[in-house]
Amino acid sequence: MPGAVRANESVAALLTEYAELLALTGGDPFRARVYEKAARSVAGHATDVTRLSSAELRKIPGVGASIAEKIEEFVHTGAIRAVDELRAKVPAGVLAMTAIPGLGPKTAMLLYEKLGIDSVDALESALDAGALAGMKGIGPKTAANLRHGIALSRAQTGRFTVDVATRTALDIVEALRALPECERCTYAGSLRRKRDSIGDIDILAAAQDPRPLMRRLVELPIVTEVIVAGDKKTSVRTVSGLQVDLRVVPLASWGAALIYFTGSKEHNVRLREMAVRRGLKLSEYGLFTVDTDELIVSETEEAVYERLGLAWIPPTLREDRGEIEAAAQGTLPILLTEQDIQGDLHTHTNLTDGVSTLDEMVAAARARGLAYLAITDHAKNLPMQRMTDAKMLRQREQIRSMDAGDMVLLHGTELNIDPEGDVDWDAEFLAGFDVCVASVHSHFTQSSDDMTRRFIRACENPYVHIIGHPTTRQIGRRPAVEADWDAVFEAAGRTGTAMEINAYPDRLDLPDELILRAKRHGVKFALDTDSHSTVHFGHLPFGVGQAQRAWLTADDVITAWPLPRLREFLQAKANR
DNA sequence: GCCGTTTTCGGCCCGACTGTTTTCAGTCG
């Protein structure tokens, strides 16, 4: 059955590829869109498509008779003939060319058909040889842009972590707000939706005369390149390679514009479809009647949602993952907030690889108003940390004798899950800790089956309360390990083991999609900062963002519980 | 190819910017 990659994701990838191939080969553009929509909906579908009947498949939004048939074909044969046939018509390199900024399906296909250009490398050679001169629709400017686009796509190091993006966005917002012409300014886009990584920054501002704001943006010292410059929209690139889009609208359009620029694209498409069904038209300038073009609402997000029959939807939910239906029915969840967080169960001191002392960490946690704090330095099997039994016991005594005021101090450790799923100490020693986090710190490349068994064995250990940063991914540097996550989460739910939501911006682990899947298995979550310094407690909002994106409430998160309830949860595990 | 609180057929989200096409196509978000 489903391994690391669910059949749903394989099907979604094939449907997406089919949509891209359809766009390349021309024909009905609406067909391509239907396949894209079906791909998203299959990827987000809770039930494995291999277990669904034809009738059940057709109940997935966007899946009709034809796509259901293709999914069934995939389930039975592992492939879809229609996809294979289109693949045979268009070299993979032509599809890859559309990843170059500014080069879409039409141009890619034109270059392939007229000049036989079938890869990014071939395009570069053709540009060098001047072979594009005289091509219809491609002048000297376009050729130069393509050359630039190739360089950009090669230099692309991926997406940016949320801490870097947040800092950049706040600096720009502050600079624009300082202008007297600026009536309002904020960031929107994926940063407002609190995605786990950020591709570019969207800034929205309101002003009667946008020109001073546009000028200010392009003149900022961090700006190295102006990509587009208009009266309503300006795009620039910063020294770090981050693209920043600034849109300026009249203040009266603020609400509609903020919805539009917050996205996601899929969420906005759904809203516009709802508007159309009501004889209305939604754009960034407001909600209008179609026939008379009369403005109905635009000033606030709430007013626009309300006129569409919806409750206001928190930005972290705007991914077309069921939030629109919930808003229509009044069943949106009361999301976890930063204020709900009572404690932190994963922190380090300079006894291992932290940089702050125990005293400093305790003082910082108290200053943040935490009700409880667990110190969880690394266990002995991570040799570079030089941990010993004696050091650990000495730290425990130190913690037991400390006065932390109203805050309760817990003594814990971050255990290492070895390749077989065992941890650093025996039951007797483990029993002395108040709380144990257990994490994978080595052997990241085990097979999915081995890794799955490893995690399940760790969950079945009565002294392991929390699985730390489960996928071990490091955003932009190291991929997630492979495992059958549904099997792991089933074990976590069954044994009362919490899964961590690690708030460290390079990790954000579990990621939101996996949190959603884990919740279906009845799993509870430990939202921790994994602080290695007093300043890292400030990473909490990034973790809260992931929890919100996964629809979590305070009841789902054990670090949002008061200490007595948390202690019951920890105790229940040992008593199983 | 999908879909229906107008519809089982005729629609399908909307607008900005660029470059080159003298009126708009392509790309992007």
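So you know, we letter chains A, B, ... as the sequences are listed, proteins then strands, and number each from 1.
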#### Entry: Separation of atom CG in A/Leu132 from atom P in B/dG26, rounded to whole Å
16 Å
### Query
With a non-hydrogen cut-off below 4.0 angstrom, is A/Leu282 in contact with a base, only sugar-phosphate, or nothing?
sugar-phosphate
### Task
For A/Lys37 and for A/Ile227, find the nucleotide of DNA chain B with the closest heavy atom, then tell me which residue's nucleotide is more 5'.
A/Lys37
### Task
Would you mind reading off the distance between A/Tyr285 atom OH and B/dA16 atom P, rounded to a whole angstrom?
4 Å
### Message
Please classify the nucleic acid contact of A/Ala229 as base, sugar-phosphate, or nothing, using heavy-atom distances under 4.0 Å.
### Response
sugar-phosphate
### Query
Considering heavy-atom distances to DNA chain B, does A/Ala143 or A/Val276 have its closest nucleotide positioned more toward the 5' end?
A/Val276
#### Entry: Gap in Å between the two C1' atoms, one belonging to B/dT8 and one to B/dC2, rounded
12 Å
### Task
Could you tell me whether A/Glu306 atom CD has more than 12 heavy atoms of other residues or ligands within 6.0 Å of it?
no
### Task
For the side chain of A/Asn145, starting at C-beta, report the closest nucleotide among B/dG29, B/dT20, B/dT18.
B/dT18
### Query
Expressed in whole Å, how much space separates the C1' atoms belonging to B/dC12 and B/dT7?
13 Å
### Query
Can you tell me if A/Ser53 and A/Glu56 form a side-chain donor-acceptor pair at under 3.5 Å?
yes
### Message
Please report the distance separating the C1' of B/dG26 from the corresponding atom of B/dT20, rounded so that it comes out in whole Å.
### Response
11 Å
### Message
When both hydrogen-bonding distances must be under 3.5 Å and the geometry is Watson-Crick or G-U wobble, what is B/dC2 paired with, if anything?
### Response
B/dG11
### Message
Using only atom types and a distance under 3.5 Å, with no angle test, would you say the side chain of A/Asn8 pairs donor to acceptor with the backbone of A/Thr47?
### Response
yes
### Distance between C1' atoms of B/dC17 and B/dT23 (Å, rounded)
16 Å
### Message
Regarding A/Lys281, tell me which of base, sugar-phosphate or nothing describes its non-hydrogen contacts under 4.0 Å with the strands shown.
### Response
sugar-phosphate
### Query
Separation of A/Arg277 atom CZ from B/dC3 atom P, in whole Å?
12 Å
### Task
Return yes if some donor-acceptor pair links the side-chain N/O of A/Ser253 with the main-chain N/O of A/Val249 below 3.5 Å, else return no.
no
### Task
Please tell me which of the listed nucleotides, B/dG1, B/dT20, B/dT27, lies nearest to the side chain of A/Tyr35?
B/dG1
### Message
Taking the P atom in each of B/dA16 and B/dT22, what is the distance between them to the nearest angstrom?
### Response
23 Å
### Query
Which part of the nucleic acid, if any, lies within contact of A/Ala65, taking any heavy atom under 4.0 Å across all strands shown: a base, the sugar-phosphate backbone alone, or nothing?
sugar-phosphate
### Query
Across the strands shown, which category fits A/Pro105 at heavy-atom distances under 4.0 angstrom: base, sugar-phosphate, nothing?
sugar-phosphate
### Heavy-atom side-chain contact between A/Ser10 and A/Phe74 under 4.5 Å
yes
